[in-house]
Engineer: 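Could you have a look at this structure, given as structure tokens, before my questions?
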2 protein chains.
Amino acid sequence: MGRSITVRDVAAAAHVSPATASRALAGHPSVNPEMARRVLKASRELGYSANVFARALRTQRTDTIGMVVPSISNPYFVAAVEAVEQVLAETDRSLILCDSRDTVATEAARVDLLVGRRVDGLIVVPVSAHDSVPALRAAAAEVAVTQFDRIAEAAGTDFVGGDNDEGVRQCVEHLRERGCRTFAYIGARPTTSTADERLRAFRRFAADGVAPDRGFLLGEFSAEWGREAARTLLDDGPLPDAIVCGADVIAVSLLTTLRAAGVEVPRDVKLVSYDDSSMGQLTVPRLTSVHQPIDSMAREAVRLLDGRREDGSLPARKSIFAPDIVVRESTGV
Amino acid sequence: MGRSITVRDVAAAAHVSPATASRALAGHPSVNPEMARRVLKASRELGYSANVFARALRTQRTDTIGMVVPSISNPYFVAAVEAVEQVLAETDRSLILCDSRDTVATEAARVDLLVGRRVDGLIVVPVSAHDSVPALRAAAAEVAVTQFDRIAEAAGTDFVGGDNDEGVRQCVEHLRERGCRTFAYIGARPTTSTADERLRAFRRFAADGVAPDRGFLLGEFSAEWGREAARTLLDDGPLPDAIVCGADVIAVSLLTTLRAAGVEVPRDVKLVSYDDSSMGQLTVPRLTSVHQPIDSMAREAVRLLDGRREDGSLPARKSIFAPDIVVRESTGV
DNA sequence: CGGGGACGGGGAATCGATTTCTCAGTCGAG
DNA sequence: CTCGACTGAGAAATCGATTCCCCGTCCCCG
């Protein structure tokens, strides 16, 4: 683990000054092509790679952005992370990923950590529409922040998300076309903007078909909750014609548990969900689910960050993307 | 996004030199308690937080370790990551997480990235027992490296893993106790050390009960492969008494697919798996699975890293942990 | 009473890359 | 032929925290 090679070593090997070496390596135009060639050659031969810290210290940039998601066991977030990584790779930047474990305190700690690491920007899927505000506000004072998928409005940052109203509308419409008349909604408590919007949308679009008492089961974005909800549903008498689920993580274990109890899907009950994640395609039957254009959303999130770095005084912007339902076997033929 | 507060600002506010301020903040004993108090107060009031890069540049330490796993959608790796994070938090260090997407090239890129970021150490779950060697060797020349769970021997780094031989032995023994006589193994191709060891162990311990032609199905550590394997199994005539699965990720979708085809588990076939991950407890029936002491393993991994930083010339060490089978419904009563 | 030692604290060097600043040397125009 | 604009490249400052080195002070003891 010997001392590593610095720009001075390269400069010495190429018989130029460190200043020139630096310029040559950066591809600065005002350097003699012959010299540039020598420097590049020396750099290659010595296996030079710039010290990230020295550079960051001087330039105040890290070419790194940070991302904080509530749970890396949720395939939807994993997809988002991968999409962002892809976009960043195009411009030779990289990503530091953190998991907030769906906990406000952990989220705050992770956000602080990343701000301390002077990331150029921060993409956060906030844990709570309300309690995530302080940490995000504080972070936004130091660095560009974009909220992703969910929003804690009062933080006043940029935002990229999906049109949940439209997504749920498509779900209910699709189910109606399949002949369903009574609906139940199984999702997360409205502590996040997505949970809230999806729930409201369901209330509105399925208004005339919600089972009076058992039309809503609200818990968390977790597989455990899906299993629990399924049990409640089974205990509580006749099933509705269809279930709208707030997320694939919930729907997958819900589906598995229902089937284990002898319920046939889609025959006995139809099931639609949200996120169109990879795990929804591994169940039998596969899930009909609302797809969001995650790649475009990731690109937009990065674009917003870059924009804010140029001009920090911009007002908070929101980019909302239209979703699209993907029909599979869980809603039958 | 104004200029941030430096140690000089704190020093000025406390009417001391930057040198003293720095010492005071580090809790160095040779500083007058009264001054230390002033400095700490000033620091608090100004909301000072040290520039990570300046510090790293000077001290050559980052108080950060990097971790590279093949897939963050595998709950077993997620558990490992969380365990490592926990251990690091005890000493105020943090983790940078990367996903190698089960791809040697991506793995090499991520490892390089982390080495470039001058992490104090690197914990890697290598993608391949053979092809991961070059990147790991190169990394190990720059920084302390511990391989975790799987090993690419020739890289010559430290290693922490489980005793796969013993784990599989327990599986087969348990199944024999349950009255099983014929076995099939469904796992990953032996491109990783774990896959290889588990396969060999199965060969040895189940030798007298392996179905002649269809005793081994080898693919990848993925849910897709579990589904595919289940189909193959169903197409190929009578099922064995029991299936030993190389990992929960495979077992979960295998189980789901079998049940969808009307196979009753554990009545028609018993199923044991490896990793004892969270997803294995969400299926119906829940999986009997081999548990590894992930917390202790994480602690040991960090300990090995720290040891190597002290003395880089140590020979490569291996720490092998004994696993323990956890019996649940998938192997019946 | 003077000298040695302990101790606290400040000045300045250091980590490495980048970016002024500065100054030879060149070229074209008058 | 001379002067100013221009070019390219090196010297040095900068980013911010840490730490080595050294100096002044004070105490204690001979």
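Chain naming here is simple, since letters A, B, ... match the order of the sequence lines and numbering starts at 1 in each.
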Engineer: Looking at residues at least two apart in the chain, or sitting in another chain, which of them share a side-chain hydrogen bond (donor to acceptor under 3.5 Å, both in side chains) with A/Ser49?
Structural biologist: none
Engineer: Please work out which residues in residues 13-25 of chain A have a non-hydrogen atom less than 4.0 Å from an atom of DNA chain C and list them by number.
Structural biologist: A/Ala19, A/Ser22, A/Arg23
Engineer: Using the side-chain hydrogen bond (donor to acceptor under 3.5 Å, both in side chains) criterion, which residues pair with B/Glu153? Sequence neighbours excluded.
Structural biologist: B/Lys318
Engineer: Would you list the atom pairs, donor with acceptor, under 3.5 Å between side chains in residues 10-17 of chain B and any protein atom, with sequence neighbours excluded?
Structural biologist:
from: B/Ser17; atom 1: OG; to: B/Ala19; atom 2: N; distance (Å): 3.4
from: B/Ser17; atom 1: OG; to: B/Thr20; atom 2: N; distance (Å): 3.2
from: B/Ser17; atom 1: OG; to: B/Thr20; atom 2: OG1; distance (Å): 3.2

Engineer: How close or far is atom P of C/dG8 from atom CZ of B/Arg37, stated in whole angstroms?
Structural biologist: 17 Å
Engineer: In this structure, how many angstroms lie between the C1' atom of D/dT14 and the CZ atom of B/Phe53, rounded?
Structural biologist: 17 Å
Engineer: Would you indicate, yes or no, if C/dC15 has its OP1 or OP2 atom less than 4.0 angstrom from a side-chain nitrogen or oxygen of A/Asn51?
Structural biologist: no
Engineer: Between B/Tyr48 and D/dG16, is there a side-chain N or O to OP1/OP2 distance below 4.0 Å?
Structural biologist: no
Engineer: Could you tell me, to 10°, how much the axis swings from one end of the helix from C/dC1-D/dG30 to C/dG30-D/dC1 to the other, five pairs per end?
Structural biologist: 60°
Engineer: Using a heavy-atom distance cut-off of less than 4.0 Å, which residues of residues 54-66 of chain B contact DNA chain C?
Structural biologist: B/Leu57, B/Arg58, B/Gln60
Engineer: Can you list every pair that meets salt bridge (charged side-chain N to carboxylate O under 4.0 Å, His left out) and has a residue in residues 70-80 of chain B, with sequence neighbours left out?
Structural biologist: none
Engineer: Checking A/Leu88 now: which residues fulfil side chain to side chain contact (heavy atoms under 4.5 Å, CB included) with it, not counting sequence neighbours?
Structural biologist: A/Ile65, A/Val84, A/Arg93, A/Leu95, A/Val302
Engineer: Taking B/Glu90 first and then B/Arg299, would you say they form a salt bridge - that is, a charged N and a carboxylate O separated by under 4.0 Å?
Structural biologist: yes
Engineer: So, using side-chain hydrogen bond (donor to acceptor under 3.5 Å, both in side chains) as the criterion, who are the partners of B/Arg137 when residues are at least two apart?
Structural biologist: none
Engineer: Would you say A/Asp92 and A/Asp63 make side-chain contact, with heavy atoms under 4.5 Å?
Structural biologist: no
Engineer: Strictly below 4.0 Å, heavy-atom distances to any atom of DNA chain C: list the hits from residues 113-120 of chain B, or just say none.
Structural biologist: none
Engineer: CG of A/Asn32 versus P of C/dT26: gap in Å, rounded?
Structural biologist: 14 Å
Engineer: Below 4.5 Å, heavy atoms only, C-beta onward: do B/His130 and B/Thr191 meet side chain to side chain?
Structural biologist: no
Engineer: Whole angstrom is fine here: how far is it from NE2 in B/His28 over to P in D/dA17?
Structural biologist: 18 Å
Engineer: Does anything in residues 106-119 of chain B pair up under salt bridge (charged side-chain N to carboxylate O under 4.0 Å, His left out), and if so which pairs, sequence neighbours excluded?
Structural biologist: A/Glu85-B/Arg110
Engineer: Within this structure, what is the CZ-to-P distance between A/Arg8 and D/dG10, rounded to whole angstrom?
Structural biologist: 13 Å
Engineer: Identify, with sequence neighbours excluded, every residue that meets salt bridge (charged side-chain N to carboxylate O under 4.0 Å, His left out) alongside B/Arg150.
Structural biologist: none
Engineer: Taking the side chain as everything from C-beta on, heavy atoms only, tell me whether A/Pro75 gets closer than 4.5 Å to B/Ser73.
Structural biologist: no
Engineer: Are the side chains of A/Asp99 and A/Phe77 in contact, using a 4.5 Å heavy-atom criterion?
Structural biologist: no
